[in-house]
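To start, the structure under review is shown below, and the notes come after it.
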Amino acid sequence: DDQGRIFEWNRAAEEMFGYAPEDACHRLLWQLFSEDDPERQEENIRQRKATIQKVLAGESLIGAEVQARKRNGSTLHLLSNTIPVRAADGRITGVISANLDITERRKAERRDRQIQKMNALTLMATGLGRELAESQSRMDESIRFLIENTQGETARLLWDVYEHSLQQQTIVQQLITLGRTDAGRAVPLDLNAILAGLREPIRKALGVHRTATFHLRSGTPLILADPA
């Protein structure tokens with residue numbers, strides 16, 4: 001009615017909100033759908049009264065998106081149509097509201113947005129990882145040249161830089177792995193290619209004064225594994 005008191009409560013409303021007719025009827029809207037926080041409840045009352053006054057003035061509110069709490073405390077997202085109830089002589093005697101539950105639709109939209117954000121982060125991580133890998137490769141070549149042509153304390157300091165470069169390489173590989181969309185899926189892998197790719201990290205770990213020799217055999221069968 002014009003005071004915001006509920007007088008009709010059908011089966012659909014009972015199933016949607018969890019209140020039986022005897023629990024809902026003759027209660028004020030903002031009492032049935034109340035907020036725990038005093039400030040939010042004050043705003044809740046203001047908005048619901050404003051809606052009632054607009055409709056009592058003859059306005060129909062179609063397709064308004066609102067939220068309401070069920071009896072169990074969960075929040076519903078609703079598409080609400082609120083229109084005036086008129087007597088036979090045309091007088092407005094009350095307000096009727098029909099609601100469509102769009103909660104699952106909004107959840108699906110949030111999931112889609114989250115996936116889009118993750119995809120954007122994936123692309124960024126991949127691009128950043130590749131750029132860092134290329135930059136580090138060029139830097140490593142320069143450091144290696146300086147180590148081989150320097151002696152004494154300077155050579156030791158350069159070697160420290162070279163070792164830190166190895167740690168950075170691990171981080172770069174993690175960035176590239178983060179950007180992979182096929183992580184966790186087994187794919188055919190060439191062991192020879194993997195070992196060849198490990199030559200430089202192993203060489204860094206051993207230092208310039210030690211060597212590692214790889215004897216790769218042709219015809220080694222592929223294996224199925226997650227390349228990460």
Side-chain angles (χ1 to χ4, degrees), residues 1-127 177-187 226 228:
D1 63 5
D2 59 353
Q3 300 300 311
R5 202 172 301 278
I6 300 168
F7 280 97
E8 294 288 341
W9 190 261
N10 62 18
R11 177 63 63 84
E14 180 179 357
E15 293 176 354
M16 182 178 291
F17 298 108
Y19 293 98
E22 58 269 23
D23 298 321
C25 288
H26 307 296
R27 294 180 65 182
L28 294 170
L29 272 173
W30 45 88
Q31 290 178 341
L32 187 67
F33 301 112
S34 62
E35 298 287 346
D36 296 329
D37 180 74
E39 290 185 3
R40 293 183 64 181
Q41 175 63 0
E42 184 177 341
E43 179 63 15
N44 175 41
I45 294 172
R46 187 193 66 78
Q47 289 183 354
R48 293 188 183 278
K49 283 184 176 181
T51 297
I52 291 170
Q53 291 307 311
K54 285 182 181 180
V55 178
L56 288 174
E59 185 176 350
S60 294
L61 304 178
I62 306 300
E65 188 167 336
V66 299
Q67 294 184 12
R69 282 204 305 182
K70 297 178 64 172
R71 187 167 192 166
N72 63 11
S74 61
T75 300
L76 289 175
H77 292 262
L78 305 171
L79 204 59
S80 181
N81 295 331
T82 307
I83 60 176
V85 176
R86 297 180 183 273
D89 59 4
R91 290 181 302 106
I92 296 176
T93 58
V95 172
I96 187 169
S97 181
N99 300 290
L100 175 66
D101 185 359
I102 58 171
T103 305
E104 292 304 317
R105 183 196 304 177
R106 289 292 174 260
K107 287 181 179 178
E109 290 172 352
R110 284 196 298 271
R111 287 194 296 268
D112 289 342
R113 287 195 295 269
Q114 186 65 25
I115 290 172
Q116 290 173 1
K117 290 179 182 178
M118 292 302 298
N119 287 340
L121 288 173
T122 293
L123 290 173
M124 183 176 68
T126 302
T177 300
L178 178 63
R180 291 177 52 240
T181 57
D182 60 345
R185 285 184 283 180
V187 297
D226 177 8

Min side-chain heavy-atom separation Arg91-Thr93 under 4.5 Å: yes
Student check: side-chain heavy atoms of Val55 and Val85 closer than 4.5 Å: no
Pairing of Arg69 and Asp36 as salt bridge, 4.0 angstrom limit: yes
Contact check, side chains of Leu29 and Ile6, non-hydrogen atoms, under 4.5 Å: yes
Closest heavy-atom pair and its distance - Ala24, Leu32: CB-CD2, 3.9 Å
Contact summary for Ile92 and Ala57, nearest pair of heavy atoms: CD1-C, 4.3 Å
side-chain contact (heavy atoms from CB on, under 4.5 Å) assessment of Ile96 paired with Ile83: CA-CA 6 Å; Ile96 187 169; Ile83 60 176; 3.3 Å; yes
Non-hydrogen atoms of Gln3 and Leu28 that approach each other most closely: O-CD2, 3.3 Å
CD-CD distance between Gln67 and Glu35, expressed to the nearest 0.5 angstrom: 8.5 Å
Residue Glu42 excluded, over 12 heavy atoms near CD under 6.0 Å: no
Greater than 12 external heavy atoms within 6.0 Å of Ile62's CD1: yes
Close side-chain approach of Leu78 to Met16, heavy-atom, < 4.5 Å: yes
Side-chain (Ser80) to main-chain (Asn99) donor-acceptor, under 3.5 angstrom: no
Greater than 12 external heavy atoms within 6.0 Å of Glu8's CD: no
Shortest non-hydrogen contact between Ser60 and Pro84, atoms and distance: OG-CD, 3.5 Å
Step-by-step side-chain contact (heavy atoms from CB on, under 4.5 Å) determination, Arg110 to Arg106: CA-CA 6 Å; Arg110 284 196 298 271; Arg106 289 292 174 260; 4.0 Å; yes
Rounded distance (nearest 0.5 Å) linking atom CD of Glu104 with atom NZ of Lys107: 4.5 Å
Validation row: Thr51, Val95 side chains within 4.5 angstrom (heavy atoms): no
Non-hydrogen side-chain atoms of Ile102 and Glu65 separated by less than 4.5 Å: yes
Separation between NE2 of His77 and CD of Glu109, rounded to the nearest 0.5 Å: 10.0 Å
pair Ile45-Gln41: side-chain heavy atoms closer than 4.5 Å: yes
Pairs satisfying ring pair (Phe, Tyr, Trp, His ring centres under 6.0 Å), at least one member in residues 16-45, at least two apart: Phe7-His26, Trp9-Phe17, Phe17-Phe33
Within-4.5 Å side-chain heavy-atom neighbours: Lys70 and Leu76: yes
Straight-line distance of Ile52 CD1 to Gln47 CD, nearest 0.5 Å: 12.0 Å
Short side-chain donor-acceptor distance under 3.5 Å, Asn44 and Arg40: no
Intermediate values then yes/no, side-chain contact (heavy atoms from CB on, under 4.5 Å), Arg71 and Asp23: CA-CA 10 Å; Arg71 187 167 192 166; Asp23 298 321; 2.7 Å; yes
